[in-house]
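Inspection log for the structure reproduced underneath, given as structure tokens.
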Amino acid sequence: MAITSGPAALPPSAPYGSHGGRSHLVAGTRIVGDISAPGLLEIQGQVEGRVIADSVVIEERGMVNGEVQAAAVGVKGTFSGHISGGAVRVHATARLSGTIRYDSLSVESGSEITASCERAKTGG
């Protein structure tokens with residue numbers, strides 16, 4: 001299953017550089033498959049599969065088991081798998097396991113992390 005979302009209006013101060021719109025996966029929703037969305041994708045439900053967006057935020061009640069690819073990634077909930085992101089922020093409420101490939105990484109005190117982390121190679 002693949003879900004694709006279109007652009008939506010955003011306030012000028014939207015987080016995580018969400019220029020292409022804002023999509024929500026609400027609590028109680030469960031998706032098995034791939035999600036591709038322009039702009040910011042906020043996940044409050046559960047995803048098993050690959051998530052691709054400009055920016056992804058896994059909210060406190062959200063859970064992703066699989067892969068996330070985005071220029072900006074925020075983890076407040078539960079994640080297991082592989083993150084490939086530009087700016088990755090792990091919030092204090094996060095429970096994260098797997099691998100993280102990043103350009104910049106921020107980890108708040110209180111988060112639970114069991115992961116290998118690798119900075120993306122830059123330049124030639």
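Values below: all heavy atoms of this structure, side chains included; hydrogens, waters and symmetry mates excluded. Residue numbers count from 1 along this sequence.
Legend: salt bridge (charged side-chain N to carboxylate O under 4.0 Å, His left out) pairs involving residues 91-108, not counting sequence neighbours, sorted by first then second residue: R89-E108, R101-E118.
Here K76 pairs with E59 in a salt bridge; the nearest charged N to carboxylate O distance falls below 4.0 Å.
Shown here for A37 and S23, the closest heavy-atom pair between the two residues is CB-OG, 4.2 Å. The heavy-atom pair separating D54 from P38 by the smallest distance is OD2-C, 3.7 Å. Summarising the geometry of V56 relative to I43, their closest heavy-atom pair is CG1-CD1, 4.1 Å, with the distance given to 0.1 Å. When every heavy atom of A92 is checked against every heavy atom of S109, the shortest pair comes out as CB-O, 3.2 Å. Closest approach of I58 and M63 over heavy atoms only: CG2-N, 4.1 Å.
In this view, I52 and R50, Q69 satisfy the side-chain contact (heavy atoms from CB on, under 4.5 Å) rule, not counting sequence neighbours. Take E48 and apply the side-chain hydrogen bond (donor to acceptor under 3.5 Å, both in side chains) test, not counting sequence neighbours, and it matches R30. Checked against salt bridge (Lys or Arg N to Asp or Glu O under 4.0 Å), E112 has no partners two or more places apart in sequence or in another chain. Listed by chain and number, the residues in a side-chain hydrogen bond (donor to acceptor under 3.5 Å, both in side chains) with T99 are H82 (sequence neighbours excluded). Residues passing the salt bridge (Lys or Arg N to Asp or Glu O under 4.0 Å) test with E67, sequence neighbours excluded: none.
With values rounded to the nearest 0.5 angstrom, T93 atom OG1 is found 4.0 Å from E60 atom CD. Rounding to the nearest 0.5 angstrom, the gap separating the CD1 atom in I100 from the CZ atom in F79 is 8.0 Å.
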- Item | side-chain contact (heavy atoms from CB on, under 4.5 Å) evaluation trace for L25 with V47 | CA-CA 9 Å; L25 182 64; V47 176; 3.2 Å; yes
- Determine, step by step, whether Y102 and C117 satisfy the side-chain contact (heavy atoms from CB on, under 4.5 Å) criterion, reporting the C-alpha distance in whole Å, the side-chain angles of both residues, the deciding distance to 0.1 Å, and the verdict. CA-CA 8 Å; Y102 63 90; C117 302; 3.9 Å; yes
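L41 places none of its side-chain heavy atoms less than 4.5 Å from the side chain of V57.
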